[in-house]
Amino acid sequence: MSDNVRVRFAPAPTGYMHIGNLHTALFNWLFARKMGGAMILRIEDTDEVRSTPEALDVIYQGLKWIGLDWDEGPDVGGEYGPYVQSERLGIYQEYLDQLIEAGRAYECFCTPEELEERRQVMRARGIPPRYDGRCRDLTEEQKRKLREQGLESCIRFRVKETGTTVVKDIIQGEVTYENSLIGDPVIVKTSGFPTYHFAVVVDDQLMQITHVIRAVEHLPNTQIHLQLQEALGIEPPAYAHLPLILGEDRTKLSKRHGAVAVTDYEQQGFLPEAMFNFLVLLGWSPGDEREVMSRAQIMEAFSLEACDSSPSVFDVQKAEWMNGEYMKLMDGEDLAGRLLPLLQHEGLMEENPSAERREWLVGVVSLMKERARLLNTFVSWGRYFFTDDYEYENRARKKWLSREEVPERLELLAERLQLLEAWEHQSIEAAVRGLAEELGLSAAKVIHPCRAAVTGTTIGPSLFHLMELLDQNDVIGRLHRAAQLSRAGELEPGPEPESQ
RNA sequence: GGCCCCAUAGUCUAGAGGCCUAGGACUCCGCUCUUUCAAGGCGGCAGCACGGGUUCGAAUCCCGUUGGGGCCA
């Protein structure tokens with residue numbers, strides 16, 4: 001009765017969620033929300049070996065991080081539950097009986113060793129290896145004997161031997177498969193667990209899924225699913241197979257590509273909004289030249305038909321750029337809120353900062369966000385805001401801190417700054433420039449050494465604004481410290497290869 | 001190996017026969033602003049994989065080749 005869109009994201013709980021899974025989830029979610037439909041989360045744990053219960057949390061967290069929600073699932077329930085396949089074992093039996101009755105499923109007693117052996121033979125003879133149908137037509141008598149020998153059986157689905165199966169896919173178009181080319185797949189393992197093919201078909205039917213949106217690696221499997229559906233009298237859902245996300249080497253993104261887990265990107269300081277935006281642009285485009293788009297804009301423009309069928313490479317550099325764009329767009333207060341946990345984790349901010357201290361952080365963030373790409377940037381480039389314990393970079397040492405004339409300048413500047421009653425960027429600037437003038441130097445000749453001393457680096461935001469955010473005495477202390485170290489010859493540049 | 005899919009610069013993409021002298025973005029490289037650049041502004045390098053058709057006309061359609069990928073095992 002309902003022609004409402006229902007989609008599902010159906011991950012296997014293997015302990016981590018990678019960017020490709022998230023991409024699939026994202027497209028499902030977008031489509032569901034765009035169409036005013038329902039998003040279902042289903043856990044496909046029929047692979048007893050690889051599935052772990054702890055993995056559920058990883059899935060929830062990954063989805064929540066990027067801002068996806070679901071209407072039905074193991075945690076929120078729903079009227080088509082349970083939503084974990086291992087809890088649905090009884091449900092599959094009914095469908096299995098149906099297939100057996102129709103003569104489309106049968107017991108197979110072949111052992112893995114036998115199967116492997118026969119595969120070898122087929123290969124050697126140049127025949128594509130597939131199940132040869134040996135147990136297809138066993139008599140009751142034969143089965144009894146095999147059982148008496150103590151052999152275990154699995155159940156196979158009898159596929160069609162002739163004709164073709166056509167997958168009509170919203171993204172991939174019509175793809176035709178020759179039925180004679182596939183062997184009978186196992187649908188129930190000796191353990192009694194259904195296999196992926198069987199469980200998917202049954203569950204999608206029972207959960208009234210209207211659109212199966214998944215990665216294209218499942219496209220070849222779809223021919224089996226269609227045959228299974230036909231045998232069960234099930235109307236197939238619409239299919240949309242998303243192109244794969246590849247690593248730099250153009251192979252399917254996997255653990256060997258380094259950072260692929262969603263949590264890796266979270267830890268690197270990616271904003272979920274940016275990752276969402278970036279990911280949606282892999283395999284889809286609004287058709288115009290927009291790239292940085294709000295979620296509302298994306299949803300407005302989104303359609304499955306506009307998805308591309310060719311795979312795409314995950315380019316971290318562009319992802320970082322986009323993250324930077326989002327940081328610029330976000331107001332300082334929001335961004336400070338995102339950043340705080342990270343800073344606390346690094347021990348750079350106290351656990352319960354006062355309102356004043358938070359406000360100060362907003363100031364720091366506002367000053368830095370224009371040039372930062374990741375949240376982590378604040379920890380690395382912005383360390384000097386939070387602690388006196390920062391390094392003097394080689395470039396800073398070489399260009400300024402190791403110079404003979406510098407210590408005196410720093411000390412003179414410290415004296416001037418000490419006299420300031422108002423610690424504001426205007427007064428600081430006046431003091432710095434005033435000193436330069438008196439010494440007959442260009443302002444830069446004071447500014448640069450000062451930056452090097454106070455921040456340890458040669459680059460960063462406006463020096464005067466930055467100093468304003470630091471404590472006056474602290475700055476003075478830093479100037480004296482650098483002057484002393486410099487005189488002591490401790491700020492000589494390190495070994496060359498350091499610089500990049 | 002068999003089957004299937006894909007093919008616009010290093011990367012993400014626009015392009016659905018004439019609007020293409022192929023547009024945008026990232027990266028990279030210059031220049032510029034400035035107290036610095038890792039930010040801003042301006043500019044530049046770089047692409048329709050190849051070969052055949054079809055057509056008055058092809059990045060766009062067809063075939064083949066090559067390359068890449070996925071699935072099966």
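The model shown is predicted, which means the values in this text are computed figures rather than measured ones.
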Both distances below 3.5 Å, Watson-Crick or wobble geometry, any strand: find the nucleotide opposite [N].
N	result
B:C50	B:G64
B:G17	none
B:G43	B:C29
B:C71	B:G2

Considering heavy-atom distances to RNA chain B, does A:Q317 or A:P220 have its closest nucleotide positioned more toward the 5' end? A:Q317
Return whichever of A:W321 or A:E116 has its heavy-atom-nearest nucleotide of RNA chain B closer to the 5' end. A:W321
Taking only the [atom1] atom of each, what is the distance from [N] to [M] in whole angstrom?
N	M	atom1	result
B:C33	B:A39	C1'	11 Å
B:U13	B:A22	C1'	13 Å
B:U60	B:U54	P	15 Å
B:C12	B:C50	C1'	24 Å

Categorize [X] for me: base, sugar-phosphate, or nothing, with a 4.0 angstrom heavy-atom threshold over every strand shown.
X	result
A:G460	base
A:P461	base
A:G183	nothing
A:F278	nothing
A:R290	nothing
A:S442	nothing
A:S285	sugar-phosphate

Rounding to a whole Å, what distance do you find between [X]:[atom1] and [N]:[atom2]?
X	N	atom1	atom2	value
A:Y384	B:U36	OH	P	15 Å
A:Y177	B:G70	OH	C1'	9 Å
A:E248	B:G69	CD	P	14 Å
A:L282	B:C26	CG	P	16 Å
A:R409	B:U35	CZ	P	17 Å
A:E291	B:C26	CD	C1'	8 Å
A:L242	B:C6	CG	C1'	15 Å
A:I182	B:C71	CD1	P	16 Å

Evaluate the side-chain proximity of A:F198 to A:Y92: yes if any heavy-atom separation is below 4.5 Å, no if none is. yes
Does any part of the side chain of A:E44, heavy atoms only, come nearer than 4.5 Å to the side chain of A:P11, both counted from C-beta? no
Trace of the salt bridge (charged side-chain N to carboxylate O under 4.0 Å, His left out) decision for A:R433 with A:E429: CA-CA 6 Å; A:R433 290 191 189 278; A:E429 178 162 8; 2.8 Å; yes
Lys/Arg N to Asp/Glu carboxylate O, A:D184 vs A:R130, below 4.0 Å: no
Salt bridge flag under 4.0 Å for residues A:E490 and A:R481: no
If the cut-off is 4.0 Å, is [X] near the phosphate of [N], judged by side-chain N/O to OP1 or OP2?
X	N	value
A:R433	B:U35	yes
A:R130	B:G1	no
A:R250	B:C12	yes
A:K328	B:G40	yes
A:S312	B:U13	yes

Tell me which nucleotide among B:U11, B:C37, B:C6 gets nearest to the side chain of A:V313. B:U11
Choosing from B:G70, B:C6, B:C4, which nucleotide comes nearest the side chain of A:S309? B:C6
Looking at every heavy atom in both A:F27 and A:V280, which two are closest together, and how far apart are they? CZ-O, 3.6 Å
Assess whether one donor atom and one acceptor atom, taken from the side chain of A:S462 and the base of B:U35, lie less than 3.5 Å apart. yes
Hey, is the main chain of A:H211 close enough, under 3.5 Å, to the side chain of A:R8 for a donor-acceptor pair? no
